[in-house]
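Just so it is clear: chains get the letters A, B, ... in the order the sequence lines come, proteins before strands, and each one is counted from 1.
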Amino acid sequence: MKATHNILRYTLAGILAAGGLGIVGTPAHADNGVEPVTFAVANGALALAQTPTAGTTLAEGQAVALPITTVTDGRAEFARSGDWVVTVTASDLTGDGLAAGATIAAAQLTIEKTLGSWVSGSGTVDPDTDPVVGTGPLVVVSDDTIASVFSYTPAVTLAPQALPYAGTYTGTITQTVV
Amino acid sequence: MTQALRRLALAIVAAGALLPAATARATSVPPMPPQGLGVTLLEGPSNRLDDPRAHSYIVDHLAPGTTISRKIGFSNGDPEPVEVVFYAASADIAGGTFRVAPDRAQNELASWVTFSADRATLQPGETVPITVTITVPANASPGERYAAALGATLPSNGLDGQLATVSRVGIRIYLSVGTGREPTTAFAIDETAAGRNDAGHPVVTASVHNTGERAVDLSGSLQLTNGPASLAAGPFDVMTSATLAPGAAGHVQIVLDDGLPLGPWDATITLTSGTTTVKARARLTFPSFVGTADASPVTIIEGADATHASRRSPALGVAAAVSLAVVPALAAVRRRRRRANEVSM
């Protein structure tokens with residue numbers, strides 16, 4: 001009788017624990033003898049969207065708008081440090097047509113966040129972030145609210161060139177949020 | 001009594017059997033993911049259940065020769081299908097920021113990471129779970145390494161543009177390698193300074209350095225007490241946080257309401273990284289003019305909190321002397337949203 005009580009108690013405790021903590025109990029791979037168990041994270045997504053309004057055509061010494069970029073921080077309250085960073089990277093530009101074979105180094109491109117605003121929610125955008133030359137942090141945000149949405153339009157400027165060949169150059173701008 | 005117990009047991013079993021079905025029905029129509037390409041960590045190690053960082057990032061300490069796997073969800077919040085490629089890239093911590101390297105740049109850690117799929121086409125509203133496996137070689141040297149598990153769109157041109165764009169989203173990986181106990185997570189608040197920024201707002205700046213052996217992601221709050229006429233205010237969230245590598249120094253800032261009396265105040269600043277907390281107190285008076293700092297002694301009133309790491313390490317508890325510091329001016333200021341302006345007698 002006492003044993004039945006205990007079994008029930010343990011069963012109930014097990015159900016409550018599993019439900020309350022959300023522990024899946026899936027052993028992760030571990031080849032060193034340790035068997036770490038994983039829990040299921042109840043969390044939202046951190047997302048980045050780029051909405052092109054037109055193709056980006058560079059002009060030397062002139063800031064040109066890149067697609068409107070939107071970052072949504074849907075991470076849950078507990079599972080967030082409240083900060084995210086967007087790193088931007090430019091590839092080298094490669095020439096086509098008359099400029100075939102020519103390359104403009106990524107370091108000739110400067111990318112700025114320009115104006116940004118909170119579509120919903122709020123947070124602190126680090127004002128000390130410098131314009132990025134080639135590669136670097138573009139937007140650094142701290143202490144944002146749950147489900148906050150920040151939107152900005154980066155602009156890219158190509159330094160004046162002494163090109164051996166005039167022509168069309170193509171490249172890629174990558175924005176990464178973590 | 002026995003029958004009653006049997007009925008109860010049956011009810012529990014029945015409830016347990018029905019729960020998954022009910023849950024499945026309830027979650028069969030997941031909410032639309034946020035616009036664009038999204039990423040979510042879907043699982044973490046159960047020994048870090050109480051560590052907020054382990055709910056957003058892959059944070060672990062592994063012995064050489066260990067293999068672990070974690071599920072990451074990649075989502076498409078756009079109305080069109082999107083093709084996404086998955087890979088790991090190296091990362092570092094500099095200037096208080098976690099920075100992901102360009103393209104598929106590799107470091108040791110990135111080279112240890114593999115994905116259950118190289119690419120996938122995400123339908124509108126779809127979230128695809130991808131298993132990320134980290135295999136630490138048996139001859140890996142001790143130390144912490146950084147990388148990111150990434151999903152990236154293919155290059156997309158606008159209308160006849162020269163520049164294509166790529167969106168990448170990722171989960172940070174902070175991986176410590178070594179045998180035995182996990183290296184210490186610890187940091188110190190060295191100085192605090194009161195100042196006033198260009199916009200006329202009082203600012204409290206705390207200089208912090210990472211005294212441990214693991215990176216820290218700092219956040220926290222400030223509480224003001226014993227102000228003029230016994231005023232109290234706060235807590236105010238840290239508005240400019242920092243990620244610091246072991247040995248690195250940085251600062252966090254709290255910007256306050258411009259209507260705040262000058263003081264003096266007892267300022268208690270609480271900073272946290274994961275489950276490690278440090279609390280310091282100082283007597284501060286805000287200057288009435290822009291760009292001037294006021295220095296006051298700082299006393300650490302709570303050291304590194306007990307964590308899976310710091311439990312095995314000596315608590316941080318060194319009282320720090322304060323030197324004058326100039327508060328960097330903030331170009332943009334916003335008012336505290338949740339707990340701001342809570343000035344009370």
**Q** What's the shortest heavy-atom distance between T240(B) and T124(A), and which atoms?
**A**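 Taking T240(B) first and T124(A) second, the nearest heavy atoms are OG1-CG2, 4.4 Å.
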
**Q** Is it the side chain or the backbone of T176(A) that comes within 4.5 Å of chain B heavy atoms, both, or neither?
**A**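 Both parts, backbone and side chain.
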
**Q** Under 4.5 Å from any heavy atom of chain A, what part of L150(B) do you find: side chain, backbone, both or neither?
**A**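 Only the side chain of L150(B) comes within 4.5 Å of chain A.
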
**Q** Can you tell me which portion of T165(B) sits under 4.5 Å from chain A's heavy atoms? Options are side chain, backbone, both or neither.
**A**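 The answer is both parts of T165(B).
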
**Q** Tell me, side chain or backbone of V156(A) under 4.5 Å from chain B's heavy atoms, or both, or neither?
**A**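 Answer is side chain: those atoms of V156(A) sit under 4.5 Å from chain B.
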
**Q** Would you compute the distance between atom CZ of F39(A) and atom CZ of R48(B) and round it to the nearest 0.5 angstrom?
**A**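 The distance works out to 10.0 Å.
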
**Q** Just so I understand: if I count every heavy-atom pair under 4.5 Å between each of A138(B), G36(B), S167(B), A242(B) and chain A, which residue has the most?
**A**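 Between A138(B), G36(B), S167(B), A242(B), the count favours S167(B).
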
**Q** Among V85(A), V86(A), T72(A), V178(A), which residue has the highest count of heavy-atom pairs closer than 4.5 Å to chain B?
**A**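 The candidate making the most pairs under 4.5 Å is V178(A).
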
**Q** Side chain from CB out, backbone as N, CA, C, O: work out which of these in T69(A) comes under 4.5 Å of a heavy atom of chain B, or both, or neither.
**A**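 No part of T69(A) comes within 4.5 Å of chain B.
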
**Q** Would you give the length of the straight line joining atom CG of L163(B) to atom OH of Y169(A), rounded to the nearest 0.5 angstrom?
**A**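 So the CG of L163(B) and the OH of Y169(A) are separated by 13.5 Å.
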
**Q** Is the shortest side-chain heavy-atom distance between T168(A) and Q162(B) below 4.5 Å?
**A**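 A side-chain contact exists here, since the closest heavy-atom pair is under 4.5 Å.
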
**Q** Taking the side chain as every heavy atom from C-beta outward, state whether T51(A) and Q35(B) have any atom pair closer than 4.5 Å.
**A**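 Of all side-chain heavy-atom pairs linking Q35(B) with T51(A), at least one is under 4.5 Å.
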
**Q** Based on non-hydrogen pairs under 4.5 Å, which of T174(A), V71(A), T89(A) is most in contact with chain B?
**A**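 Most heavy-atom pairs under 4.5 Å with chain B: T174(A).
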
**Q** Of all heavy-atom pairs between D83(A) and S241(B), which one has the smallest distance, and what is that distance?
**A**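 Closest heavy-atom pair between D83(A) and S241(B): CB-OG, 3.9 Å.
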
**Q** Looking only at heavy atoms and a cut-off of under 4.5 Å, which of P67(A), G171(A), G44(A), S91(A) has the most pairs with chain B?
**A**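 Result: the option with the highest number of such pairs is G171(A).
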
**Q** Please look at T172(A) and chain B and tell me whether the side chain, the backbone, both or neither of the residue comes under 4.5 angstrom of a heavy atom of that chain.
**A**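 Both parts, backbone and side chain.
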
**Q** Side chain, backbone, both or neither: which part of V140(A) has a heavy atom under 4.5 Å from chain B?
**A**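 V140(A) touches chain B through side-chain heavy atoms alone.
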
